[in-house]
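Take a look at the structure set out below.
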There are 2 protein chains.
Amino acid sequence: MKTFKIPEASIIRLSVYSRYLYQLDQKGVITISSGEIAEGVGVSPAQVRKDLAYFGEFGTRGVGYNVRDLHGHIMKILGLNHKWPIVIVGAGNLGSALTMYKGFLQRGFEIKGIFDSDPEKIGTEVGGYPVQPLENITKVVRDHMVEIGVITVPAPYAQETATMLVEAGVNAILNFAPRVINVPPHIEVRNVDLAVSLEILTFNLVMKRD
Amino acid sequence: MKTFKIPEASIIRLSVYSRYLYQLDQKGVITISSGEIAEGVGVSPAQVRKDLAYFGEFGTRGVGYNVRDLHGHIMKILGLNHKWPIVIVGAGNLGSALTMYKGFLQRGFEIKGIFDSDPEKIGTEVGGYPVQPLENITKVVRDHMVEIGVITVPAPYAQETATMLVEAGVNAILNFAPRVINVPPHIEVRNVDLAVSLEILTFNLVMKRD
DNA sequence: GACTGTGAAGCCATTCACAGCT
DNA sequence: AGCTGTGAATGGCTTCACAGTC
């Protein structure tokens with residue numbers, strides 16, 4: 001396969017395009033141009049074409065793209081043509097919210113277990129899933145071939161949770177704890193810090209005042 | 001102040017440095033070098049120095065940086081030397097989780113109101129805050145000089161919510177709805193799509209297989 | 001005529017390497 | 001000697017502009 005280096009920014013945009021295309025498909029739109037996609041998601045037409053060009057030729061010159069086909073192609077590129085089992089560690093507010101969040105299921109992510117260290121929480125239900133003790137992680141990960149673990153524990157426990165997930169056998173981690181975690185190089189990690197996003201806004205607001 | 005164009009990536013890193021420095025300060029560390037910061041957060045030493053150089057000279061050649069001072073400087077750069085009142089629109093799972101999330105408060109964000117359109121939810125309490133009807137947004141935003149609004153409504157309502165927030169008078173929006181929103185150019189917007197982060201992971205996992 | 005696909009150009013961010021302090 | 005601060009070089013992403021196709 002063409003394992004050229006693809007900008008991460010392109011992947012983020014592809015994910016955005018896919019949602020927009022799905023929306024259009026639902027509305028019954030059949031064909032769309034790169035310019036219209038660009039307009040709809042706020043990027044340049046050339047950018048849209050370039051992002052797609054990394055993966056093939058999906059359009060027809062003089063015409064544009066078939067909405068449903070292109071959506072299908074992008075979903076396949078993102079690996080979303082099949083389900084992805086995931087586990088969530090940390091049954092606090094954020095972990096619970098993610099467990100109940102419909103958006104994940106819609107995109108093909110299936111929660112196979114939610115875990116917490118707090119004995120008070122274990123056994124309680126979150127979004128229909130029983131909160132399990134950390135000891136169960138390895139078994140659940142193996143039984144359901146889980147490749148992705150989500151960390152929503154408090155920052156001080158982020159590292160040990162990451163280590164635990166790696167030992168259990170996941171290949172990728174989505175870390176919501178505001179702390180850098182160290183994992184072996186073959187493990188994919190993405191950090192989502194909710195406060196960071198707010199801080200970019202405050203920075204921009206402060207900058208503008210001058 | 002040198003208002004040259006500063007890469008957004010630098011701002012994200014500054015936010016990360018600030019957390020790391022706070023951690024070090026708590027542990028009693030007095031001085032640190034760019035190399036040690038780099039090591040701690042997973043970037044290059046030159047990157048750390050360059051990021052800081054956009055805003056001034058905070059270190060001492062031959063020595064390094066004073067941990068507490070540098071933390072203070074970065075917090076000021078990010079505009080976090082004072083409190084930021086915010087409002088949250090959408091009292092679903094995510095909105096509730098954010099309202100109860102301690103991380104925001106710790107960084108100086110104070111929730112001045114949470115709003116929802118669902119009559120069933122209005123009046124109920126979320127993290128000690130009563131859920132209010134959308135009609136109250138304008139009053140709350142004006143009374144508390146709120147500049148930042150957070151959108152956690154379902155995707156189809158994202159645009160109207162954004163419009164409402166802008167009319168109420170906010171200058172910045174953090175949008176968690178997986179939909180592109182259109183606002184006047186003077187309004188700062190950041191989109192956080194939780195599924196996008198997972199999809200970058202799945203893309204990378206799929207890529208690796210070949 | 002319209003729109004895609006793409007090499008080339010332009011632009012921006014990161015890394016390098018060293019001068020400048022302490 | 002050690003580490004910062006920074007101009008210069010590098011590398012990578014985005015935009016441009018046009019050839020290719022329907």
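Throughout, protein chains are lettered first and strands after them, A, B, ... in sequence-line order, and every chain is numbered starting at 1. Because the structure is a prediction, the values reported are computed rather than measured.
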d([atom1], [X]; [atom2], [N]) in whole Å:
X       : N      : atom1 : atom2 : result
A/Leu70 : C/dT4  : CG    : P     : 10 Å
A/Ile32 : C/dA2  : CD1   : C1'   : 15 Å
B/Phe55 : D/dT6  : CZ    : P     : 14 Å
A/Asn66 : C/dT4  : CG    : P     : 13 Å
B/Leu52 : D/dT6  : CG    : C1'   : 13 Å
A/Phe58 : C/dG5  : CZ    : P     : 9 Å
B/Glu57 : C/dC21 : CD    : P     : 9 Å
B/His73 : D/dG5  : NE2   : P     : 11 Å

Can you establish whether the number of heavy atoms outside [X] located under 6.0 Å from its atom [atom1] is more than 12?
X        : atom1 : value
B/Phe58  : CZ    : yes
A/Glu160 : CD    : yes
A/Arg190 : CZ    : yes
A/Lys208 : NZ    : yes

**OP:** When you get a sec, tell me which of C/dT22, C/dA17, C/dG20 is the closest nucleotide to the side chain of B/Arg61?
**Re:**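 Of C/dT22, C/dA17, C/dG20, C/dG20 is nearest to the side chain of B/Arg61.
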
Original post:
Quick one: which of D/dC16, D/dT6, C/dT4 gets closest to the side chain of A/Ala46?
Top reply: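 For the A/Ala46 side chain, the nearest candidate turns out to be D/dC16.
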
Original post:
When the aromatic ring centroids of B/Tyr20 and B/Tyr17 are compared, is their separation below 6.0 Å?
Top reply: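 No, they do not, as the ring centres are separated by 6.0 Å or more.
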
**OP:** Measure up the A/Trp84 and A/His82 rings against each other and bin them: parallel (under 30°), tilted (30 to 60°), perpendicular (over 60°).
**Re:**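 If you compare the ring of A/Trp84 with that of A/His82, the planes turn out tilted.
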
Original post:
Using 30° and 60° as the class limits, which term best fits the ring planes of B/Phe55 and A/Phe203: parallel, tilted or perpendicular?
Top reply: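 It falls in the perpendicular class, over 60°.
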
Subject >> SB check B/Glu199 A/Arg13 (cutoff 4.0 Å) >> reply: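 The answer is no: the pair does not qualify as a salt bridge.
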
Subject >> Between the first and last five pairs of the helix from C/dG1-D/dC22 to C/dT22-D/dA1, the angle of the axes, rounded to 10 degrees >> reply: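 Inter-axis angle at the termini of the helix from C/dG1-D/dC22 to C/dT22-D/dA1: 0°.
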
Subject >> B/Tyr65 side-chain N/O to D/dG5 phosphate OP1/OP2 under 4.0 Å >> reply: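 So the side-chain polar atoms of B/Tyr65 do come within 4.0 Å of the phosphate oxygens OP1 or OP2 of D/dG5, strictly under.
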
**OP:** Output yes when at least one side-chain N/O atom of B/Thr60 is less than 4.0 Å from OP1 or OP2 of C/dT22, else no.
**Re:**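 No, no such contact exists.
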
**OP:** Any chance you could list the contact pattern along nucleotides 8-14 of chain C? Use B for base contacts, S for sugar-phosphate-only contacts and - for none, protein heavy atoms under 4.0 Å, 5' to 3'.
**Re:** B----SS

Subject >> Test log, rule salt bridge (charged side-chain N to carboxylate O under 4.0 Å, His left out), inputs B/Arg19 and A/Asp193 >> reply: CA-CA 11 Å; B/Arg19 281 179 187 67; A/Asp193 187 327; 3.1 Å; yes

